[in-house]
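Letters A, B, ... are given to chains in the order of the sequence lines, protein chains preceding strands, and every chain is numbered from 1. Heavy-atom basis, side chains included; hydrogens, waters and symmetry copies ignored.
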There are 2 protein chains.
Amino acid sequence: MTELDDTDRRILRALVADATQSASALGRRLGLSQPAVWRRIRRLRSEGVIAGQRLDLDRERLGFGVTVFLGVKLATKGRVSLDDFERAVSAIPEVQTVEHILGLFDYRLRVVARDIADFERVLRRRIMTLPGVGDVEANVLLSEERRPGPIG
Amino acid sequence: MTELDDTDRRILRALVADATQSASALGRRLGLSQPAVWRRIRRLRSEGVIAGQRLDLDRERLGFGVTVFLGVKLATKGRVSLDDFERAVSAIPEVQTVEHILGLFDYRLRVVARDIADFERVLRRRIMTLPGVGDVEANVLLSEERRPGPIG
DNA sequence: ACTGAAAGAACTACTCG
DNA sequence: CGAGTAGTTCTTTCAGT
């Protein structure tokens, strides 16, 4: 299926940290030519190892200073309930991430709001009215550190 | 501080959907010249609204098929305890995200592993040995949907 | 202050040896 | 795999509104 060598991993590690680096700059750092790096990146893209390229926005500077994680337990669980819930939650713009999980809760939502008052509005009018919602647990984000994670 | 107009927001919305779009392509879609778009993007970058541009990897294709969210409650809480915990957890490569939160738990960790057996190893040898760890709750990720989130 | 036109530099994406 | 290259994009300069 997909077999990566050490050079692939070094390229991925560099790009995960900063995707704006050019193939030629990477080549200089890794001791490779620009086409060599470019071909590897294209291969990793076509193989699906590189799934996409996302812009990282500072939500605080955009006026959304509050981020809350919600653990949601459904009252009724069945295929229809899950589909209904996911469809309804996808229509809420304040919901940034929808994670279907196994454990004490069924879903974990990442919700952003302008402030606590705005979050209460989202919670009461949007979240609590979702179809099949049972228990809800909230955790306010204080700070966050993202790490590259293992490559191979 | 940072005041965004409607054009900035349209640019951000387009780039969040697809960060690979060129300034000239964006200009055509928004009715602006290529330098005008490029200058705005550069300004948003320098202001920190655009925090970065990261590669989105398919962890499954990299051989890390298991993602688990861990809620961690510290047994002893104090500034030193938090610092110690954060420093120690940052040294674990399998930890992708460290979120300091307010609520039932003190931290949320996103941990990736090759399989369940590998996750057990990480949990027992890495996580449970962290300084000050009390209760730990685990949720296995089944599926995940990321949404653009609100811009303004 | 922000726009667009123009132009040079750098990069992408590809072909060929 | 690297050298070379056509086409594209980035980045700056300059002048207009």
| note | Contacts of B/Arg28 and A/Thr7 projected onto DNA chain D by closest heavy atom; the upstream (5') one is A/Thr7
| request: Have a look at A/Ile92 and tell me which of A/Val98, A/Leu109, A/Leu130 forms a side chain to side chain contact (heavy atoms under 4.5 Å, CB included) with it. | output: A/Leu130
| query | Which nucleotide span of DNA chain C, 5' end to 3' end, has atoms closer than 4.0 Å to non-hydrogen atoms of chain A? | reply | C/dC11 to C/dT15
| task | To the nearest 0.5 Å, tell me how far B/Leu30 CG sits from B/Arg40 CZ. | result | 9.5 Å
| said: Judged by each residue's nearest nucleotide on DNA chain C, which is more toward the 5′ side, A/Thr20 or B/Asp5? | reply: B/Asp5
| request: Would you kindly confirm whether B/Val112 and B/Tyr107 end up in one hydrophobic cluster when ILVMFWY residues are joined by side chain heavy atoms under 4.5 Å apart? | output: no
| When you look at CZ of A/Arg29, are more than 12 heavy atoms from neighbouring residues, nucleotides or ligands closer to it than 6.0 Å? | no
| query | Base, sugar-phosphate, or nothing: which does A/Ala25 touch, judged by heavy atoms less than 4.0 Å apart? | reply | nothing
| What does B/Arg43 touch in the nucleic acid at a heavy-atom separation under 4.0 angstrom: a base, only the sugar-phosphate, or nothing? | nothing
| said: Give me the atom names and distance for the closest heavy-atom approach of B/Leu44 to B/Leu12. | reply: CD1-CD2, 3.9 Å
| query | With no hydrogens and no angle check, is any side-chain donor or acceptor of A/Glu94 less than 3.5 Å from a backbone partner on A/Val122? | reply | no
| What is the distance from CH2 of B/Trp38 to C1' of D/dT11, rounded to the nearest Å? | 5 Å
| Can any side-chain N or O of B/Asp84 pair as donor or acceptor with the backbone N or O of B/Pro131 at less than 3.5 Å? | no
Could you run down the sub-3.5 Å N/O contacts of the protein with nucleotides 2-4 of chain D?
| residue | atom | partner | partner atom | Å |
| --- | --- | --- | --- | --- |
| D/dG2 | OP2 | A/Ser33 | OG | 2.7 |
| D/dG2 | N7 | A/Arg39 | NH2 | 3.0 |
| D/dG2 | O6 | A/Arg39 | NH1 | 3.4 |

| Backbone of A/Arg110 reached by a side-chain donor or acceptor of A/Thr97 within 3.5 Å | no
